[in-house]
Amino acid sequence: MRRLAQRGLLEYRFGRVRKTDDVIIEPQMAGYWPRTPRLSAAATLVLSRFAYLRRRGNEMILESPLAGALVRICDTRIATALATLCTPQKVSALKGQRGFPGLELLALLVDCQILLKVEVAKGDRLRLSEGDENLALWDFHDLAFHARSNEGRHANPSGGLYSYAGVIHPPPAVRPRWPGKTIDLRAHSSTPSETISPLARILDERHSTRDFDAQRPITLGELARFLDASARVRRKWTTNLDLTNDAPEVAYAARPYPSGGSAYELELYLAVANCEGLESGFYHYDADRHVLVPIATRQQELEGLFAAAEFAMDAAGPPQILITVAARFARVSWKYSSIAYSLILKDVGAVIQTMYLMATDMGLGGCAIGTNNIDLFATLTGIEFHVEGPVGQFALGRGRDAVGE
Ligand SMILES: Cc1cc2nc3c(=O)[nH]c(=O)nc-3n(C[C@H](O)[C@H](O)[C@H](O)COP(=O)(O)O)c2cc1C
């Protein structure tokens, strides 16, 4: 049973006196185990602002990006009772209500962070009392998007599954033409090949490399040059916010690629499998000091990271270096409301293209990877998933097709 539970293969049914289930708990993360911490009648509970109720097929489910499990609601009176928790309520006050979910289920929802135990607080202060500062800075839709569009915190089908092939026609590669007169650019853009700029040539040559030459690994010198050109801090400055007299001073550290609001929230973590002059392992690239900082990890977790990259690229072996682009989310959400996560993803596009171009310029190979496991990264680094987490990956090395030196 424990082994099945460890893999998230068990569901847990909660019912009280009636024969039918009140709710069914569906684990979303490996290792989830339902826990029911003791709840005192004096405790004050409120629904988390990250919790949401929705239809899935013909079921009603309650979930949260913070929860290791989702709740299938079978008895709709439970939903009505939980709705009263949009304002903080004492457990003792809930007990008398119709459809009271029962102390055990309340405790389980507290353990999942769908319900929060709070000191009485109102309005904005309620948001701050929901957890740590990093959590307070997340907007609901951003955290739900982050947790559901990456691997590690949900059990939904994920990746290139072609779920609607045979049902909906594949959208065309090129947009159907707009009607009307056109302005032909071909006559204006043709350039004799000898006058093509070096950048235009690199853009033209750029391509994805998924298989790397195990006999000729990338060297530490090449890696240093690659990181220096594509990610090293270039310039630092501070400015005062003009909001109030005691507004804080904000520091900036610009890098070679553009970044929304000059936030430069992206960090590079390197999983090294095969690099001449550098021990295999996991490293943080300190872009300010231009140094690699080794991070102690378990071999099994590092192998999990490489195996997922190999699978995503359908490659014959792991990349020589796997770069994880991680975001310090608060750096962006401290300033931006509603658009923080989407800005971060746009920044990831900018850094990925920068790495592609630098790899091409150096005769190396690279490939963007569209999946991240946010739970595995949290295990590797010991950092909670909402504080700093992976938002992009890039495989780097010397491709099999690289011209020899
Ligand atoms: C955001 C993004 C995610 C990608 N994810 C993957 C991936 O998971 N696996 C893979 O093999 N290639 C991945 N690629 C590479 C694309 O497949 C590749 O860019 C595309 O086929 C065009 O080929 P080219 O890069 O050689 O020009 C990704 C590219 C981007 C930009």
Side-chain angles (χ1 to χ4, degrees), residues 142 145-154 156-163 165 170-175 196 198-214 218 226 230-231 256-260 265-271 273-274 303-327 332 341-377 389-403:
D142 278 352
F145 183 22
H146 181 58
R148 293 294 175 262
S149 61
N150 288 295
E151 293 170 357
R153 294 195 69 87
H154 67 86
N156 301 326
S158 173
L161 301 175
Y162 298 101
S163 306
V174 177
R175 191 195 187 286
I196 285 180
L199 176 60
R201 198 178 300 277
I202 289 170
L203 280 165
D204 193 48
E205 285 171 6
R206 185 214 60 79
H207 64 274
S208 295
T209 299
R210 297 173 177 84
D211 283 303
F212 299 92
D213 188 343
I218 181 174
F226 172 85
S230 54
Y257 50 88
S259 171
E265 74 286 0
L266 300 178
E267 299 293 325
L268 303 186
Y269 288 85
L270 278 62
N274 190 5
E303 276 165 16
L305 199 63
F306 282 127
E310 204 176 308
F311 177 77
M313 294 191 293
D314 198 14
Q320 291 170 1
I321 295 180
L322 177 62
I323 300 179
T324 296
V325 182
V332 182
Y341 193 68
S342 93
L343 279 181
I344 290 170
L345 296 187
K346 289 162 192 169
D347 289 347
V348 175
V351 80
I352 294 279
Q353 175 70 341
T354 304
M355 292 196 286
Y356 259 122
L357 295 182
M358 196 55 212
T360 307
D361 188 43
M362 293 179 66
L364 297 170
C367 184
I369 295 174
T371 51
N372 308 294
N373 188 316
I374 59 181
D375 186 47
L376 180 56
F377 183 84
V391 281
Q393 289 191 102
F394 188 77
L396 177 70
R398 195 177 326 279
R400 285 188 202 284
D401 52 357
V403 184

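Numbering of ligands and ligand atoms starts at 1, following listing order.
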Students should be able to answer this: which protein heavy-atom is nearest to [atom], and at what distance?
atom                    : result
atom 5 (N) of ligand 1  : Gly370 N, 2.9 Å
atom 16 (C) of ligand 1 : Arg210 NH2, 3.7 Å
atom 29 (C) of ligand 1 : Ala368 CB, 3.5 Å
atom 23 (O) of ligand 1 : Ser208 OG, 4.2 Å

Query - His207, any N or O under 3.5 Å of ligand 1 N or O - result: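 His207 vs ligand 1: no N/O contact under 3.5 Å.
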
Query raised in the report: For Asn150 and His146, does a side-chain donor sit closer than 3.5 Å to a side-chain acceptor?
Result: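 Present: a donor and an acceptor within the cut-off.
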
Backbone N or O of [Y] within a donor-acceptor pair of the [X] side chain at under 3.5 Å?
X      : Y      : result
His154 : Gly152 : no
Tyr257 : Gln353 : no
Asp213 : Arg398 : no
Gln320 : Ile218 : yes

Query raised in the report: Heavy-atom distance from atom 10 (C) of ligand 1 to the protein below 4.0 Å?
Result: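 Yes, because at least one protein heavy atom sits under 4.0 Å from atom 10 (C) of ligand 1.
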
Query raised in the report: Within a distance of under 4.0 Å, is there any protein heavy atom near atom 1 (C) of ligand 1?
Result: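 It does not; no protein heavy atom is within 4.0 Å.
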
Requested in this report: Considering the heavy atoms of Ala312, write down every atom of ligand 1 situated less than 4.0 Å from one of them.
Outcome: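 Reading through ligand 1 atom by atom, the close ones are 7 (C), 8 (O), 9 (N), 10 (C), 11 (O).
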
Report task. For Arg206, counting its heavy atoms only, list the atoms of ligand 1 lying under 4.0 Å from any of them. Result -> 24 (P), 25 (O), 27 (O)

Requested in this report: For Ile369 and ligand 1, answer yes if some heavy atom of the residue is under 4.0 Å from a ligand atom, otherwise no.
Outcome: yes

Query raised in the report: Is there side-chain contact between Met313 and Pro319, with at least one heavy-atom pair below 4.5 Å?
Result: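 The answer is yes, as the side chains (C-beta and beyond) meet within the 4.5 Å cut-off.
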
**Report entry** Student check: side-chain heavy atoms of Glu151 and Leu376 closer than 4.5 Å
**Finding:** no

